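Here's the structure, in structure tokens; my notes come after.
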Amino acid sequence: MEAALQRTDWSVLSTLLRLAQREGWRVEFDTHEVVVSSRRAAAGVIHLPSRLMRHARASGWHAAITPGRIGLRHPAVRQAVTVRLET
């Protein structure tokens with residue numbers, strides 16, 4: 001008998017954050033959230049995380065979009081992730 005593979009909250013979160021870093025996003029750990037922001041956005045330009053968002057939604061993350069931010073929550077992850085859209 002073999003145990004079922006269950007992805008822990010850390011493996012789900014780290015997969016998302018590794019993709020963000022590979023895509024050139026800055027990842028910062030705050031007290032209550034993880035903040036992902038663009039390194040490449042020029043002043044006054046919003047860099048949208050389309051590939052990151054496709055991966056997040058396909059992996060079960062739920063997005064809440066507010067002006068300048070995208071909040072990501074996953075049922076198996078205790079830590080909130082905020083994608084900061086800087087202008």
Side-chain angles (χ1 to χ4, degrees):
M1 191 168 181
E2 192 174 316
L5 277 177
Q6 289 185 341
R7 295 186 70 192
T8 63
D9 63 345
W10 175 246
S11 69
V12 173
L13 179 60
S14 65
T15 299
L16 180 72
L17 298 181
R18 279 195 311 267
L19 176 66
Q21 287 177 322
R22 280 194 308 266
E23 290 290 309
W25 291 80
R26 183 182 313 116
V27 175
E28 303 166 24
F29 293 88
D30 198 359
T31 306
H32 300 289
E33 65 184 356
V34 179
V35 179
V36 178
S37 57
S38 177
R39 292 181 189 181
R40 294 182 278 174
V45 175
I46 296 177
H47 184 78
L48 294 175
S50 57
R51 184 166 183 223
L52 179 64
M53 292 305 297
R54 277 194 306 275
H55 168 80
R57 287 190 172 130
S59 300
W61 290 84
H62 303 282
I65 301 171
T66 59
R69 291 178 174 257
I70 300 172
L72 296 174
R73 297 291 301 173
H74 191 282
V77 178
R78 292 171 279 201
Q79 189 73 36
V81 175
T82 300
V83 178
R84 188 182 320 145
L85 303 175
E86 299 173 342
T87 56

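In what follows, residues are counted from 1 in the order of the sequence shown. These numbers come from a predicted model, not from an experiment.
- Every residue was checked against the salt bridge (Lys or Arg N to Asp or Glu O under 4.0 Å) condition with R54, not counting sequence neighbours, and none meets it.
- Contact of the W61 side chain with the V77 side chain is registered, since non-hydrogen atoms from C-beta on lie closer than 4.5 Å.
- One distance of note links CG of L72 with CD of Q79; it measures 12.5 Å at 0.5 Å rounding.
- Considering all non-hydrogen atoms of both residues, V35 and R84 come closest at CG1-NH2, 2.8 Å.
- Residues L19 and L52 have side chains in contact (heavy-atom distance under 4.5 Å, counting atoms from C-beta outward).
- Within 6.0 Å of atom CZ in R73, more than 12 heavy atoms from other residues, nucleotides or ligands are found, so the atom counts as buried in its surroundings.
- At least one side-chain heavy atom of H55 sits less than 4.5 Å from a side-chain heavy atom of L16.
- Looking at every heavy atom in both residues, M53 comes nearest to A63 through CE-CB, 3.6 Å.
- A 4.5 Å side-chain heavy-atom check between E28 and S37 finds at least one atom pair inside the cut-off.
- Among all heavy-atom pairs drawn from E33 and T82, the shortest one is OE1-OG1, 2.5 Å.
- Minimum heavy-atom separation, W25 to P49: CZ2-CB, 3.3 Å.
- G60 and P75 make their closest contact through O-CD, 3.7 Å (heavy atoms, listed as atom of the first residue, atom of the second, distance).
- A donor-acceptor pair is defined here as one N or O able to donate and one able to accept, closer than 3.5 Å; no such pair exists between the side chain of S59 and the backbone of A56.
- Smallest separation of non-hydrogen atoms from S14 and S11: OG-O, 3.3 Å.
- Contact annotation: the side chain of V81 approaches that of V36 to within less than 4.5 Å [non-hydrogen atoms, C-beta and beyond].
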